[in-house]
Trainee: 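Let me begin by handing over the structure; questions about it come next.
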Amino acid sequence: MDIHLYNTDGRESQIFKPLQNGEVGMYCCGPTVYNYAHIGNMRPYTIQDILKRTFTYFGYNVSHVMNITDVGHLTDDGDEGEDKMIKAAREKGMSVWDIARFFEEAFWKDLERLNISRPTVSCRATDHIGDMIDMIRTLEEKGYTYISGGNVYFDTSRFPEYGKMALLDRQELREGARVGVDDNKRNYSDFVLWFTNSKFENQAMVWDSPWGRGYPGWHIECSAMSSRYLGKHFDIHCGGIDHIPVHHTNEIAQSEAANGCKWVNYWIHNEFILMKTGKMSKSKGNFLTVQSLVDEGYDALDYRYLLLGGHYRSQLVFSWESLDAARSARESLVRKVKALAGEGQAAAALAGKAREYLASFEEHLVDDLNTPRCLADIWSLLKDRDLTSPDKLALIYRMDGILGLRLEESAAQEEEAPSIGGDIEALIEERNRARGEKNFSRSDEIRDELLARGIRIIDTPQGTTWEKV
RNA sequence: GGCGCCGUACCCAAGCGGCUAAGGGAGUGGAUUGCAAAUCCAUGAUUCAGCGGUUCGAGUCCGCUCGGCGCCUCCA
C-alpha cells in the first residue's frame with residue numbers, strides 16, 4: 001500500500017519510496033535535556049511513533065534514530081546568554097552531566113507513559129564529539145568554513161542551495177529582528193560549527209579539537225550522528241515546524257556540503273501545540289508536563305488521544321476542556337472494549353465487512369497519517385450491528401497496534417482494590433441486603449460512602465460490581 | 001516589513017471541486033434502573049467568518065475585508 005506523506009521539501013504530499021526495498025531510515029530530532037519535556041514537545045514523538053508503527057505495520061524494517069542533546073546551549077538568542085545546562089545545574093545543585101542524565105531519564109519515562117516506543121538508536125551528543133569534529137574537518141578541507149573571533153563558522157555563501165527546503169529565498173528576513181548581529185559572521189545566515197571563544201563563563205563541557213578546546217555548535221550533532229547511524233543519504237527526517245528555517249536548513253547545508261550528496265528524501269514536520277496564551281515554550285515558562293497532567297488526575301493516554309484527535313500538521317490549542325473530552329472518549333472506548341472482551345476472544349481472521357473497516361482505516365492512515373479519521377473508523381465499527389463482537393475486537397486490537405492507546409491492555413486490567421479501610425465486598429453485600437429490604441436511604445448512604453473513597457457502585461442485571469473513579 | 005497557516009454545530013475536530021458536511025465531548029428526549037452510573041435508541045450545521053468571482057457544480061479554487069495564530073537564528 002502506498003504511504004502518502006507531506007514532504008516539507010517541495011511542500012506537497014508524496015508517495016513514500018524507500019531508498020532500499022522494505023527498509024526505512026528515519027532520524028528524529030530529540031530532546032534537549034536541561035529541563036523536563038513539556039506536552040508540546042511530546043507531539044512530534046507521538047506522531048513519529050505513529051509513523052514508525054505505520055511502516056512496521058506495512059512490513060518495513062525501520063531504523064529510528066533519535067539524538068539526545070546533552071551539550072549545553074544558550075538561554076538567549078544568538079551567541080548571548082547563559083548556557084542552559086549550567087543554569088539548570090546551578091539551580092538544582094547538580095553537575096551538568098547529572099542534569100543531563102536526570103532529564104533524559106524523565107524523558108524516557110514520559111515516552112513510556114504515552115506508549116511511545118523507544119527509538120532503535122538513541123544517541124547522546126556528548127558521546128559523538130569525535131564524529132562532529134571529523135565532519136567539521138571535512139567541511140574545512142572542502143573549503144566551507146572560516147575562523148573568526150576564535151570560532152569556526154560555516155560559510156553559507158559557499159552552498160548555493162542554502163535555504164531551499166525552507167524557501168528562505170522568498171523571504172525578506174529582518175536581520176537582527178530579535179537577535180543581536182554577530183559581527184564575526186561574513187554572512188547573515190552563517191552559523192558556528194565549533195566554539196572556542198565562549199561568551200559566557202564557566203563552560204563546563206569542553207573538548208579538545210583541532211581548533212582548540214571548546215564545544216560544538218548546535219546543528220552539527222544531528223548531521224554527524226544521522227550519518228553515522230543511517231548513512232550519508234537516508235529516507236526521513238522529522239521534527240517540529242520551528243526547525244525548518246534554521247536548524248534543519250543548517251543541517252542540510254553542512255551535511256550535503258560534507259557528504260557531497262543528497263542527504264534526506266522526506267522532511268516531516270509537525271505543527272505546534274499552543275496554550276491559550278500563545279506558544280508553549282520552556283523559556284516562557286507557560287508549559288505543562290506529562291507529570292502535571294497525571295497530577296491533575298489524567299491518564300497520560302488521555303493526552304495521546306487528544307493528540308490523535310487532531311491532524312499533526314494543524315496547530316492544536318491545548319485546554320483542559322479538550323483534555324476532558326479526550327478522557328471521556330478514551331475511557332468510553334476502554335469500557336466498550338472491555339465489554340466486548342467479556343463476550344469472548346477476538347476473531348482469528350477478518351472477513352466481509354470487517355475487512356472493509358480495516359481497509360478504510362488503512363486508507364486514512366496512509367493519507368498523511370489522518371489519525372482523526374482513524375479514530376472515527378473505530379467508533380463507526382463499534383456501532384455497526386452487522387459486525388460480530390469477535391470481529392470488532394480483532395479490528396480494534398489491530399488498529400490500536402497503530403494508535404497505541406493500549407486498549408487491549410486497559411480493558412484486560414483488573415481493577416485494583418484501593419485500600420478504603422474496610423471490605424468493599426462486605427459493604428456491597430450490606431447494601432444489596434438493604435436494597436432487598438427497600439431500605440434505599442441506607443443503600444444510597446453506602447454508595448455515597450464508597451464513592452467518597454473512590455469506588456463507584458454499578459448495579460447490573462447480573463449483580464453489583466464496582467470500579468475505581 | 002517579509003514568509004506561512006487558520007477561521008466548519010455549544011466545545012474539540014475531519015473534510016481540500018461532485019452521493020444526505022466524518023468522529024468525539026457536552027446537551028436534550030426515550031428505554032433500562034428503587035434512584036443513580038454504565039449501556040442502548042433518538043436528536044443536532046438547508047450550512048462551512050463576511051463579500052465578490054471562476055465553474056455545470058465550491059467549506060474545498062481566486063480576490064478583497066474582518067478576526068486569530070506561527071516563523072524571521074533558544075524553541076517540538
Side-chain angles (χ1 to χ4, degrees), chain A residues 11 13 28-32 34 37-48 73-81 84 166-182 185 188-192 218-219 238-247 249-250 269-274 278-284 305-306 309-311 313-317 319 321-333 335-336 339 364 370-380 383 435 438-441 443-444 447-448 451 456-461 465-467 469:
Chain A
R11 313 278 159 143
S13 183
C28 303
C29 284
T32 306
Y34 67 91
H38 57 63
I39 60 172
N41 294 133
M42 304 321 281
R43 189 181 214 188
Y45 308 126
T46 304
I47 197 66
Q48 287 152 18
H73 291 300
L74 310 169
T75 50
D76 265 278
D77 295 344
D79 302 327
E80 306 287 332
K84 288 171 177 172
L167 308 177
L168 293 186
D169 53 328
R170 277 202 208 168
Q171 305 182 18
E172 256 179 58
L173 300 180
R174 186 184 274 186
E175 183 170 359
R178 286 174 51 237
V179 182
V181 178
D182 180 349
K185 290 182 183 180
Y188 166 61
S189 53
D190 292 352
F191 53 94
V192 177
W218 73 284
H219 308 294
C238 307
I241 197 168
D242 56 316
H243 281 328
I244 295 171
V246 179
H247 185 50
T249 292
N250 291 347
H269 291 104
N270 62 280
E271 252 293 356
F272 271 67
I273 301 297
L274 307 169
K279 202 171 85 175
M280 191 182 305
S281 71
K282 291 183 186 179
S283 48
K284 268 169 127 183
Y305 189 99
L306 175 65
H311 191 261
R313 285 193 294 108
S314 298
Q315 292 180 343
L316 187 63
V317 178
S319 71
E321 294 72 33
S322 54
L323 187 59
D324 283 339
R327 170 164 64 183
S328 295
R330 197 199 119 256
E331 288 180 344
S332 174
L333 260 188
R335 272 195 302 270
K336 288 177 201 298
H364 291 138
N370 193 337
T371 54
R373 278 283 180 180
C374 290
L375 285 175
D377 285 328
I378 287 196
W379 287 104
S380 304
K383 284 187 286 196
R435 290 175 72 211
K438 300 211 184 289
N439 182 359
F440 297 122
S441 61
S443 73
D444 289 350
R447 182 167 64 194
D448 292 346
L451 192 62
R456 178 183 291 125
I457 291 291
I458 303 160
D459 295 324
T460 73
T465 60
W466 58 270
E467 64 178 21
V469 177

Trainee: Between G50(B) and A42(B), how far apart are the two C1' atoms, rounded to whole Å?
Mentor: 35 Å
Trainee: Would you find a donor on one side and an acceptor on the other, under 3.5 Å apart, between the side chain of T249(A) and the backbone of I244(A)?
Mentor: yes
Trainee: Can you tell which of G25(B), A76(B), C12(B) lies closest to the side chain of Y45(A)?
Mentor: A76(B)
Trainee: Roughly how far apart, to the nearest Å, are G53(B) and U46(B) at atom C1'?
Mentor: 23 Å
Trainee: Between F440(A) and G34(B), do the rings stack, that is, sit under 5.5 Å apart with planes less than 30° off each other?
Mentor: yes
Trainee: Can you tell me, in whole Å, how much space there is between the C1' of G4(B) and that of C41(B)?
Mentor: 47 Å
Trainee: If only side-chain N and O atoms of S322(A) are considered, is one of them under 4.0 Å from the OP1 or OP2 phosphate oxygen of A26(B)?
Mentor: no
Trainee: Which atom pair, heavy atoms only, marks the closest approach of L316(A) to L306(A)?
Mentor: CD2-O, 4.0 Å
Trainee: Looking at every strand, decide which applies to D444(A) at a 4.0 Å heavy-atom threshold: base, sugar-phosphate, or nothing.
Mentor: base
Trainee: So, is K383(A) close to the G24(B) phosphate, meaning a side-chain N or O under 4.0 Å from OP1 or OP2?
Mentor: yes
Trainee: Can you tell which of C12(B), A76(B), C35(B) lies closest to the side chain of R447(A)?
Mentor: C35(B)
Trainee: Return the pairing partner of G23(B) with a 3.5 Å limit on both distances, Watson-Crick or G-U wobble; otherwise return none.
Mentor: C12(B)
Trainee: Name the pairing partner of A58(B), where a pair is Watson-Crick or G-U wobble with both distances under 3.5 Å, or state none.
Mentor: none
Trainee: Has S314(A) got a side-chain N or O lying under 4.0 Å from the OP1 or OP2 atom of C69(B)?
Mentor: no
Trainee: Which value, in whole Å, describes the distance between the C1' atoms of nucleotides U55(B) and G63(B)?
Mentor: 16 Å
Trainee: To the side chain of R373(A), which of C35(B), U39(B), A22(B) is closest?
Mentor: A22(B)
Trainee: Take atom NE2 of H243(A) and atom P of A76(B), then tell me their distance rounded to the nearest Å.
Mentor: 5 Å
Trainee: Using the side-chain heavy atoms of R435(A), tell me which of these nucleotides is nearest: G24(B), C35(B), A13(B).
Mentor: C35(B)
Trainee: Return the pairing partner of C5(B) with a 3.5 Å limit on both distances, Watson-Crick or G-U wobble; otherwise return none.
Mentor: G68(B)
Trainee: Output the single nucleotide from G25(B), C71(B), A37(B) whose closest atom is nearest the side chain of A325(A).
Mentor: G25(B)
Trainee: Tell me what G40(A) touches on the nucleic acid: a base, only sugar-phosphate, or nothing, going by heavy atoms under 4.0 Å.
Mentor: base
Trainee: Both S380(A) and N270(A) contact RNA chain B. Taking the nearest nucleotide for each, which residue is further toward the 5' end?
Mentor: S380(A)
Trainee: Would you measure the distance from the P atom in U60(B) across to the matching atom in U8(B) and give it in whole Å?
Mentor: 13 Å
Trainee: If we take the C1' atom in both A26(B) and G68(B), what is their distance in whole Å?
Mentor: 24 Å
Trainee: Under 4.0 Å: is that the gap between some side-chain N or O of R313(A) and OP1 or OP2 of C5(B)?
Mentor: no
Trainee: Over how many whole Å does the gap from R330(A) atom CZ to G23(B) atom P extend?
Mentor: 22 Å
Trainee: Taking atom P in both A49(B) and G67(B), what distance in whole Å separates the two?
Mentor: 16 Å
Trainee: Report the base-pairing partner of G17(B) (Watson-Crick or G-U wobble, both distances below 3.5 angstrom), or none.
Mentor: none
Trainee: Across all strands, who's sitting opposite G29(B) as a Watson-Crick or G-U wobble pair, both distances under 3.5 Å?
Mentor: C41(B)
Trainee: Between atom CG in D377(A) and atom P in A13(B), what is the gap in whole Å?
Mentor: 20 Å
Trainee: Give me the distance, rounded to whole Å, that separates A58(B) from C66(B) when you measure between the P atoms they each carry.
Mentor: 26 Å
Trainee: Using the closest heavy atom to pick a nucleotide of RNA chain B for each, name whichever of I273(A) or G310(A) lands nearer the 5' end.
Mentor: G310(A)
Trainee: Where the side chain of Q315(A) is concerned, which of G15(B), U39(B), C69(B) is the nearest nucleotide?
Mentor: C69(B)
